[in-house]
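Report on the following structure.
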Amino acid sequence: MEIFSAIDDAHRAFIAKQPVFFVATAAADARINLSPKGMDSFRVLGANRVAYLDLGGSGNETQAHLVADGRITIMFCAFDNPALILRLYGTGSFVVAGDPGFDTVAAQFPRLAGARKVFDITVDSVQTSCGWGVPRMALDRERDTLVRFHAQQDPEARLAVIAKRTHSIDGLPVRVQTILPAFDPLEMTDRR
């Protein structure tokens with residue numbers, strides 16, 4: 001195991017190759033949240049700054065935890081060779097679709113249907129470890145189901161559903177989006 005104070009070029013190259021990453025957050029008296037993420041939704045913005053595009057899905061726990069606690073861990077692991085696990089430890093903030101600055105930071109990512117916010121993380125430390133216990137697997141293809149689901153939604157009906165989701169599963173408050181960002185239908189194509 002090694003610990004670094006910033007993301008270096010080797011870390012950046014490793015992160016760019018990974019098709020999946022995991023996000024973990026927690027808050028006092030709440031469940032620990034651990035979510036897998038995929039698609040082309042992660043960016044290294046500097047030696048101590050990363051961001052990821054968040055699409056509507058099964059909840060809004062990450063936002064609630066960041067408001068309550070601020071801590072966040074991102075984990076990448078290689079499913080090919082060489083084996084490696086890389087964790088980014090830091091604190092996070094977010095910009096909700098429709099907020100000032102959302103369009104600027106969202107421009108770093110594909111315009112995907114269902115985008116609701118961008119999480120912006122200040123990285124305090126980077127940890128690498130062997131990853132020898134992670135199985136070798138090959139990526140067949142990305143799923144486009146989530147993006148297709150959002151693309152076929154009636155915008156008014158979708159916003160009405162979103163407006164009711166003002167709390168996390170543990171009752172922590174969350175701020176919901178009030179607009180649906182424009183998306184590019186070409187970004188929904190199967191990227192193998």
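Keep in mind it's a predicted model, so treat the numbers as computed, not measured.
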- If you round to the nearest 0.5 Å, how far is OG1 of Thr62 from CD1 of Ile72? 6.0 Å

- Phe4-Tyr89 co-clustered via ILVMFWY side chain contacts under 4.5 Å: no

- Rounded to the nearest 0.5 Å, how far apart are CG of Asp40 and CG of Leu112? 7.5 Å

- Answer yes or no: is there an ion pair linking Arg49 with Asp120, defined by an N-O contact shorter than 4.0 Å? yes

- Message: Does Asp154, at its CG atom, have more than 12 non-hydrogen atoms belonging to other residues, nucleotides or ligands within less than 6.0 Å?
- Response: yes

- Query: Are the side chain of Gln177 and the backbone N or O of Ile179 linked by a donor-acceptor pair below 3.5 Å?
  - Reply: yes

- Give the minimum heavy-atom separation between Ser41 and Phe109, together with the two atoms involved. O-CE2, 3.2 Å

- Task: Report yes if some heavy atom in the side chain of Arg175 is under 4.5 Å from a heavy atom in the side chain of Asp99; otherwise report no.
- Result: yes

- Query: Taking all non-hydrogen atoms of both residues, which atom of Gln108 and which atom of Arg43 are closest, and how far apart?
  - Reply: O-NE, 2.8 Å

- In Å and rounded to the nearest 0.5 Å, what is the CD1 to CG distance from Ile74 to Leu86? 11.0 Å

- Query: Distance-only, no hydrogens or angles: does the Gln152 side chain make a donor-acceptor pair with backbone N or O of Phe149 under 3.5 Å?
  - Reply: yes

- Do Phe76 and Leu88 come within less than 4.5 Å of each other through their side chains, counting heavy atoms only? yes

- Do NZ/NE/NH1/NH2 and the carboxylate oxygens of Asp54 and Lys37 come within less than 4.0 Å? yes

- Message: Minimum heavy-atom separation for His65 and Leu172, please, with both atom names.
- Response: CD2-CD1, 3.8 Å

- Interatomic distance, Asn48 atom CG to Ile121 atom CD1 [nearest 0.5 angstrom]: 12.5 Å

- Message: Can a side-chain donor-acceptor contact be found between Gln127 and Arg87 if the only test is distance below 3.5 angstrom?
- Response: yes

- Task: For residues Phe79 and Pro135, report the shortest heavy-atom separation together with the two atoms involved.
- Result: CD2-O, 3.5 Å

- Asn81 atom CG, neighbour heavy-atom count above 12 within 6.0 Å: yes

- Hphob cluster co-occupancy, Val95 + Val174, side-chain heavy atoms under 4.5 angstrom: no

- Query: Hey, does Val23 have a side-chain heavy atom less than 4.5 Å from the side chain of Leu34?
  - Reply: no

- Message: Please determine whether residues Val44 and Val126 belong to a single hydrophobic cluster, defined as Ile, Leu, Val, Met, Phe, Trp and Tyr linked transitively by side-chain heavy-atom distances below 4.5 Å.
- Response: yes

- Which atoms form the tightest heavy-atom contact between Phe102 and Pro181, and what is the distance? CE2-CG, 3.8 Å

- Query: Given side chains that start at C-beta, do those of Arg116 and Asn60 come closer than 4.5 Å, heavy atoms only?
  - Reply: yes

- Task: Might you point out which heavy atoms bring Ser125 and Ile3 nearest each other, and give the distance in Å?
- Result: CB-CG2, 4.2 Å

- Message: To the closest 0.5 Å, what do you measure between CE (Met1) and CD1 (Ile85)?
- Response: 12.0 Å

- Item | Any side-chain donor near an acceptor of the partner, Thr25 and Asp69, under 3.5 Å | no

- Going by the angle between their ring planes, with limits at 30° and 60°, are Tyr52 and Phe42 parallel, tilted or perpendicular? parallel

- Message: Could you tell me if the side chain of Leu53 sits less than 4.5 Å from the side chain of Phe119, heavy atoms only?
- Response: no

- Message: Test your reading of the model: is there a side-chain donor-acceptor pair from Ser168 to the backbone of Asp170, 3.5 Å cut-off?
- Response: yes

- Is the backbone of Gly56 close enough, under 3.5 Å, to the side chain of His150 for a donor and an acceptor to pair up by distance? yes

- Does Asp8 offer a backbone N or O that forms a donor-acceptor pair with the side chain of His11 under 3.5 Å? yes

- When rounded to the nearest 0.5 Å, the distance separating CD1 of Ile162 from OG1 of Thr178 is 9.5 Å

